[in-house]
Undergrad: 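Before I ask anything, let me first share the structure, which is written out below as structure tokens.
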Amino acid sequence: MKEKLQQIKEAALSELKAADCDTEALRVRYLGKKGELTAVLRGMGALTPEERPVVGQMANEVRAEIEAALAVRVAEEKEKALNDRLAREKLDVTMPGTPSRMGHQHPLTRAQREMEEIFIGMGFEIAEGPEVEYDYYNFKALNIPENHPARDTQDTFYITDNILLRSQTSPVQVRVMEKQSPPIRVISPGRVYRSDALDATHSPLFHQMEGLVVDKGITMSDLKGTLETFAKKMFGEETKIRFRPHHFPFTEPSAEVDVSCFVCGGKGCRVCKGEGWIEILGAGMVHPFVLENCGIDPEVYSGFAFGMGLERVTMTRYGIDDIRLFYENDERFLKQF
Ligand code: DAH
């Protein structure tokens with residue numbers, strides 16, 4: 001029996017040294033419940049009482065030795081596996097990376113942010129309104145009843161008889177005045193729609209920025225001062241503004257406002273088409289009917305409003321001569337800003 005134990009030990013230890021040793025199978029085969037060592041211990045009943053403790057102790061020693069050798073081998077294998085993995089996953093962090101190209105803001109977004117900053121600096125807040133709008137807000141509340149000729153120039157896309165894609169940002173004026181009582185000082189930039197064919201100066205989708213101030217004692221000089229400050233900040237300190245009488249149904253009196261050409265300073269050039277002036281917006285004193293429609297008493301309050309085309313201001317500012325360039329996403333164009 002002692003010889004048998006000796007044999008088991010030697011066999012197990014030598015197998016453990018083999019390169020392709022399956023440690024788990026080996027453990028089961030030698031040390032498991034049905035393993036060789038257990039088989040020997042089962043046979044101990046045949047021994048004499050004197051031999052039993054001697055063989056028992058030897059069996060324990062053999063088990064301990066095999067277990068120890070097995071643990072060493074398993075640990076070695078684990079370490080080897082880890083080292084192999086580390087070698088496989090080695091990463092040279094000093095290698096040059098794949099550069100990712102940075103994009104930047106679209107010129108229209110840039111111009112919009114710049115304009116927002118200027119008005120925020122004058123105490124304005126930004127208001128938003130829906131692009132899908134009711135006829136009421138886009139037209140009726142703004143003193144443009146059905147069949148009014150002003151609707152012809154602002155033909156848009158209708159979803160139902162009463163719901164349309166807004167043709168101007170002016171409906172936001174009404175929405176703000178309905179919710180808020182004076183003092184009101186807001187701008188509202190956003191998309192507007194008209195059923196115009198796309199050409200160098202027209203697009204069925206473009207952007208406007210509306211402005212509205214309502215308070216006690218607001219006069220046309222407040223409008224002039226505000227727009228002059230804006231024009232100087234946007235186009236340069238030398239810029240002058242000019243008011244030309246005009247008509248909008250929702251303002252009275254109304255004006256179209258030009259800025260002196262920032263390229264030639266007013267002498268006349270290609271950008272201003274020889275005029276010396278560039279039209280940038282419509283404006284006026286909020287019509288008493290509009291105030292009334294929004295529940296504001298025109299005997300107590302007065303206000304001014306203005307609306308400008310974002311594309312127009314941006315094209316003027318950067319000398320862009322075709323509105324389509326804004327929407328084509330041609331990198332050769334966009335990269336220039
Ligand atoms: N909504 C006008 C348009 O699209 C522009 C405009 C004119 C807005 C006068 C105003 C204003 O607020 O007072 O043509």
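Both ligands and their constituent atoms are indexed starting at 1 by order of listing.
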Undergrad: Quick one: which residue pairs count as a ring pair (Phe, Tyr, Trp, His ring centres under 6.0 Å) with a foot in residues 125-146, not counting sequence neighbours?
TA: none
Undergrad: Which pairs of donor and acceptor atoms, one on a side chain in residues 197-205, lie under 3.5 Å apart (sequence neighbours left out)?
TA:
| from | atom 1 | to | atom 2 | distance (Å) |
| --- | --- | --- | --- | --- |
| Asp199 | OD1 | Thr201 | N | 2.8 |
| Asp199 | OD1 | Thr201 | OG1 | 3.4 |
| Asp199 | OD1 | His202 | N | 2.7 |
| Asp199 | OD1 | His202 | ND1 | 3.1 |
| Asp199 | OD2 | His202 | ND1 | 3.4 |
| Ser203 | OG | Leu205 | N | 3.2 |
| Ser203 | OG | Leu205 | O | 2.5 |

Undergrad: With a 4.0 Å heavy-atom cut-off, what residues sit around ligand 1?
TA: Gln154, Gln168, Ser170, Gln173, Arg194, Gln208, Glu210, Phe248, Phe250, Thr251, Gly282, Ala283, Gly284, Ala305, Phe306, Gly307
Undergrad: For residues 100-132, which residue pairs qualify under ring pair (Phe, Tyr, Trp, His ring centres under 6.0 Å), counting only residues two or more places apart or in two chains?
TA: Phe119-Phe124, Phe119-Phe230, Phe119-Phe306
Undergrad: Among Glu311, Glu128, Glu131, whose salt bridge (Lys or Arg N to Asp or Glu O under 4.0 Å) with Arg191 holds?
TA: Glu131
Undergrad: About how many Å separate OG1 of Thr109 and CG of Leu310, when rounded to the nearest 0.5 Å?
TA: 8.5 Å
Undergrad: What is the distance from atom CG of Leu325 to atom CD of Gln336, rounded to the nearest 0.5 Å?
TA: 9.0 Å
